[in-house]
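Lettering of chains follows the sequences in order, A, B, ..., and the numbering in each one begins at 1.
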2 protein chains.
Amino acid sequence: MSAGRRGGLADEIVAYVRGRILAGDMKPGEKVDQDAIAEALDVSRSPIREALVILGQEGLLDVTPRRGAFVASITREDVIDHYELFGLVSGRVAALAAERLSDSEISEMRLIHERFEAATGEDHSKLNNEFHRLINTAASRRTRWLLRHLERSIPAGFYAFTPGWTEQAHTGHDEIIEAITRRDADGARRAMEEHLHAAGVAAADALAERGFWEDA
Amino acid sequence: MSAGRRGGLADEIVAYVRGRILAGDMKPGEKVDQDAIAEALDVSRSPIREALVILGQEGLLDVTPRRGAFVASITREDVIDHYELFGLVSGRVAALAAERLSDSEISEMRLIHERFEAATGEDHSKLNNEFHRLINTAASRRTRWLLRHLERSIPAGFYAFTPGWTEQAHTGHDEIIEAITRRDADGARRAMEEHLHAAGVAAADALAERGFWEDA
DNA sequence: GTTTTGAATTTTGTATACAATATGTAATTC
DNA sequence: GAATTACATATTGTATACAAAATTCAAAAC
């Protein structure tokens with residue numbers, strides 16, 4: 001982590017540890033050694049402890065006073081449930097979007113959607129974010145806050161947009177757009193819930209592929 | 001904070017700062033001075049910084065690197081929305097409870113409910129917790145995790161059970177129990193959503209009464 | 001052979017120290 | 001008099017130091 005950087009070191013450590021966990025590099029139940037991270041990143045334990053607190057709040061670590069931090073034992077069911085909850089909130093937003101989004105905003109959605117279809121590799125994740133962010137315009141401040149948190153806990157952009165999932169995502173987005181264009185609030189809700197359920201399955205599969213649930 | 005205590009100091013500081021904010025003692029936008037807290041509680045800045053990170057994650061503080069932590073500008077609308085979201089998740093759990101809770105668990109709910117009616121003062125908050133905790137038995141692990149977080153962000157037990165609100169809460173609980181007894185999933189969902197909407201209004205009023213939104 | 005006990009070691013939690021940035025203030029310029 | 005710059009002060013972020021608890025491991029007891 002060298003020198004030169006001041007401020008927000010904890011965020012980088014969060015990203016590092018989260019990455020290692022989601023890559024299946026650190027197994028559920030495994031202890032997170034503060035000194036090991038300190039040595040690996042060449043930082044002191046002060047920002048590390050702040051990072052562990054954040055990851056604890058996110059649910060990726062179990063932090064027990066005096067015992068330390070351990071990689072949380074997240075099951076496949078947890079991941080599926082998490083996306084289900086994500087879908088519950090996003091679905092409500094989609095319903096609002098069907099009622100409140102202006103026609104020009106819907107056109108913009110369509111444009112992003114078409115670019116998503118044509119895109120390749122890395123861009124899918126970015127365009128996916130843009131798509132959902134536009135819908136979330138219809139949500140209240142607090143709702144966007146909650147969505148941000150749910151997104152971080154089990155990062156959505158973390159699983160690759162594999163060929164199979166990209167296609168499925170495109171279909172899901174299509175149904176959402178159609179419902180919103182129809183001004184069909186309930187249809188938009190259902191479409192979003194189904195889309196995120198599928199995303200949950202995809203995320204769980206991606207984690208399984210990385211050996212996330214394999215024993216050490 | 002004296003001596004003798006080791007471990008988990010940050011949690012106490014979280015409670016202290018949260019209390020001061022929700023008591024209207026620290027106004028939205030106001031800067032949180034680390035040294036001031038350190039002096040007030042006679043602790044070093046290490047656990048304080050961890051506490052501020054937690055409160056930042058909860059949304060009660062805006063934490064900007066190198067600038068410090070500021071009391072978040074939470075509006076009345078934010079509080080209402082927050083409870084609406086709480087209701088969205090709790091409503092889904094109530095629907096599950098109507099389908100999955102055993103008859104003996106429902107009887108237990110009734111018992112708690114009756115004790116709530118007879119109770120006085122402090123006990124209301126405790127029995128209210130027991131009531132909701134029992135319903136949440138029907139929820140998945142991840143759902144309970146999310147509810148815990150939503151509960152902490154704007155602590156439910158923090159506003160007093162004033163005479164007026166106690167009565168309203170009792171009516172709400174009554175409707176929830178009736179629907180669950182009827183095994184009416186959708187009715188339970190609606191009853192829970194309405195109950196938590198009312199709770200949101202009560203919470204916002206309680207905060208207003210404490211001068212939470214008054215300018216410094 | 002298994003269990004228990006008791007130091008030696010490791011690791012955590014908190015305090016303190018120091019460096020870098022941000023903030024406030026007064027002098028200077030227009 | 002208002003705006004701007006330069007300097008002094010305050011506050012944050014990170015590193016280091018030290019004390020308390022937990023873990024480890026080996027010797028002793030059963």
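- Looking at the side chain of Leu9(B), the nearest of the listed nucleotides dG13(C), dT14(C), dG13(D) is dT14(C).
- In summary, Arg141(B) and Glu77(A) do not engage in a salt bridge, as defined by a charged side-chain N under 4.0 Å from a carboxylate O.
- One finds a side-chain N or O of Arg49(A) lying less than 4.0 angstrom from the OP1 or OP2 phosphate oxygen of dG13(C).
- Ring geometry, His173(B) versus Phe131(B): the interplanar angle falls under 30°, so the pair is classed parallel (tilted spans 30 to 60°).
- Neither OP1 nor OP2 of dA10(D) sits under 4.0 Å from any side-chain N or O of Gln34(B).
- Note that the CH2 atom of Trp145(A) and the CG atom of Asp78(B) stand 10.0 Å from one another [nearest 0.5 Å].
- One finds a salt bridge joining Glu130(B) and Arg115(B) here, because a Lys/Arg side-chain nitrogen approaches an Asp/Glu carboxylate oxygen to under 4.0 Å.
- Nucleotide dG13(D) holds its P atom 12 Å from the CD1 atom of Ile54(A), rounded to whole Å.
- The CD atom of Glu12(B) sits 13 Å away from the C1' atom of dG13(C) (whole-angstrom rounding).
- Between dT14(D), dG13(C), dT14(C), one nucleotide has an atom nearer to the side chain of Ser44(B) than all others, and that is dT14(C).
- Using a 4.0 Å heavy-atom distance criterion, Val63(B) is classed as making no nucleic acid contact.
- If you take CD1 of Ile48(B) and P of dT16(C), they are 12 Å apart, rounded to a whole angstrom.
- Between the P atom of dT14(C) and the CD atom of Glu50(B) lies a distance of 7 Å, rounded to the nearest Å.
- Here dG13(C) presents its P atom at 13 Å from CD1 of Ile13(B), a figure rounded to the nearest Å.
- Between Leu61(B) atom CG and dT12(D) atom P there is a gap of 12 Å when expressed in whole angstrom units.
- Both Thr64(B) and Arg45(A) sit near DNA chain D, but only Thr64(B) has its closest nucleotide nearer the 5' end.
- Salt-bridge formation is detected for the pair Arg76(A)/Asp205(A): a Lys NZ or Arg NE/NH1/NH2 atom is positioned less than 4.0 Å from an Asp or Glu carboxylate oxygen.
- Salt bridge annotation for Arg20(A)-Asp25(A): present, with a cationic side-chain nitrogen under 4.0 angstrom from a carboxylate oxygen.
- Nearest to the side-chain atoms of Asp33(B) among the listed nucleotides dA15(C), dG13(D), dT11(D) stands dT11(D).
- A salt bridge links Arg18(A) to Glu58(A): one of the charged nitrogens lies within less than 4.0 Å of a carboxylate oxygen.
- Minimum atom distance to the side chain of Pro65(A) is reached by dG13(C), of the listed dT12(D), dT16(C), dG13(C).
- Between Ile37(B) atom CD1 and dT14(C) atom P the separation is 15 Å, expressed in whole Å.
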Give every pair of a protein N or O atom and an N or O atom of nucleotides 23-25 of chain C that lie under 3.5 Å apart, one pair per line with the distance.
residue, atom, partner, partner atom, Å
dT23(C), OP1, Arg67(B), NE, 2.7
dT23(C), OP1, Arg67(B), NH2, 2.9

